[in-house]
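Everything below concerns the one structure shown next.
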Amino acid sequence: MSDTAEVGVGLSPERVRYFVENFDYHDAELWTDEHAVYQAMRSTCPVAYSPKHGGHWVISKYEHAHAAFQDPSTFSSAVIAVPNNIGQQRPLIPIQLDPPDHTRYRRLLSPAFSPKQMAEMEPVMRATCRQLLATFAHEPEIEFVDRFAKPYPTSIFLSLLGLPQDQADQFVAWTNRIIHGVADDPEGELRAEAGMHVYMSFAQLIDDRLTTPQDDLVSMLLHTELEGERLTDEEVLDICFLLFIAGLDTVTSALSLSFLYLGQAPGARRQLREHPELIPGAVEELVRYESPVSIARVATRDVDFHGCPIKAGEPVLIVTASANRDADEFADPDEVRFDRTANRHLGYGAGPHRCLGSHLARLELRVALEEFSRAFGDYWVTDLGAVRRHAGPVAGVDHLPLGLRR
Amino acid sequence: MTTEQRRPVFGEVSLYEAMADRLNADPSWAGIGSAITYSMTYHFEEPVDRAFHVVFDAGRVTEITEVESSSARPADFVISGKPEAWKAVLRSETKPTVAIATGKLKVQGRQLTLLKHMEAFSYILKVMTELDPQYD
């Protein structure tokens, strides 16, 4: 099984039916026409059972997804992926914890990721973005994923944590292995090893910051008190691992998918160039339209969920990419409308676990769209046949050739 | 500490004595292990069910004792695993970091210290892979 897919190939009705009954978001074939499968699931089997990866349920409709996100007592975050190994050694703080433990950590972390705090990062972010764009400003064509979508959020993440920028390539490689390495690593050993290396890197950083605090997130976490107690260095280690898992690949994927769409939509690009005030709305709409992140839960008890007998301990995958195209929630869900109002998409999840880094992600995406529009008169996908998408809990693009005109 | 040339035996103290001889004479380890001043208990779970307490002082192995159980003497780190897991590491079939990351070898102790010195701890296990122990 490969985990990369050619774009626009399409699935036969038989294969669509197969994926409705055997959903597997690691299977590249699904991603040749995933929305045909989602449409079929929403209309015929909105809570489906798949025997893949030991068996799991799949939720595809907005209403059901929203309800599951809002009910952590039934749908626990102890499981967040199918299968549930993303290189972590212990539960990830806070996304693999349920209330009340989750609430305690979230109160500590939320201020560090508030819109105000993120806004303070905008100058660094914009400078990073401009620096990267300058490296290919005079090239007629680039491979967007490697030249921009990966290094941009990685550089920002390293700045946020206080890690040196020369580790960027290594962090990109670890991210790729952990997030996208399921297909060729069935035992999970390579992912676990990559996870170990990430932990080792953070351990060194934490050890440094314990003795020599700096103006960075890790120092803040180590020296902030939570209900009169400091976080242990093990807790800080786990939080760093979560930020790594949640913060790098998600933005890379959102950027790549957004530029894959925009690169084929000259009217949309023109709109953003001529009306940059539309960019914040465009960021939301592109996250809704593409929704790269699907997240799992695990049932804490036997429950009849919309007619389906989910047993305690069974994983439940919430396919946000499907929920965000549900016509019962969004008018013309398959159209991209930058001026869409009441865009209550689930691209950042919902409920107590709504994405902690959503303000950071939004800002990164907005700055990227603004700076691309400023730097280039136009950009476009030069060869759609060469585009490769990948499957998995964070769907994205492996290869995106983009033509550039200043 | 023994210096005899016979092959060490898996799951016996001779394995650790051979490890100590090798590490204490290894100039690379003198650098890599210079920050390793810890006690470690290596535990072979059932059916072998034996445990060895090893003391490192600035990398140098200064004491090796077989102990009755993994908790018989306080140690900074306790590394436990089934005999098959240990064999897989010693036969270089599984990397030490993979064995630890996947939980095939379980490590009790301060995680930050363990991770910070993982390179050194992995080096110890790598040296053990070169000892070619007898398994039966």
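Labels below follow one simple rule: chain letters A, B, ... track the order of the sequence lines, proteins then strands, and each chain is numbered from 1.
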Measure the [atom1]-[atom2] distance between [X] and [Y] for me, rounded to the nearest 0.5 Å.
X: B:Thr94; Y: A:Glu189; atom1: OG1; atom2: CD; value: 5.5 Å
X: A:Tyr199; Y: B:Gln111; atom1: OH; atom2: CD; value: 9.0 Å
X: B:Ile100; Y: A:Met196; atom1: CD1; atom2: CE; value: 5.5 Å
X: A:Thr232; Y: B:Leu112; atom1: OG1; atom2: CG; value: 9.5 Å

Q. Closest approach of B:Ala101 and A:Ala192, non-hydrogen atoms and distance?
A. CB-O, 3.3 Å
Please say whether more than 12 non-hydrogen atoms of neighbouring residues, nucleotides or ligands are located less than 6.0 Å from [atom1] in [X].
X: B:Lys106; atom1: NZ; result: yes
X: A:Asp101; atom1: CG; result: yes
X: B:Glu68; atom1: CD; result: no
X: B:Glu119; atom1: CD; result: no
X: B:Lys95; atom1: NZ; result: no

Q | A:Leu190 portion near chain B, given a 4.5 angstrom heavy-atom threshold | A | neither
Q: Return the option, out of A:Gln204, A:His197, A:Met200, with the maximum number of heavy-atom pairs under 4.5 Å with chain B.
A: A:Met200
Q | Trace of the side chain to side chain contact (heavy atoms under 4.5 Å, CB included) decision for B:Arg110 with A:Asp233 | A | CA-CA 9 Å; B:Arg110 192 165 177 257; A:Asp233 43 47; 2.4 Å; yes
**Q.** side-chain contact (heavy atoms from CB on, under 4.5 Å) partner of B:Leu115, chosen from A:Val198, A:Ile206, A:Leu237
**A.** A:Leu237
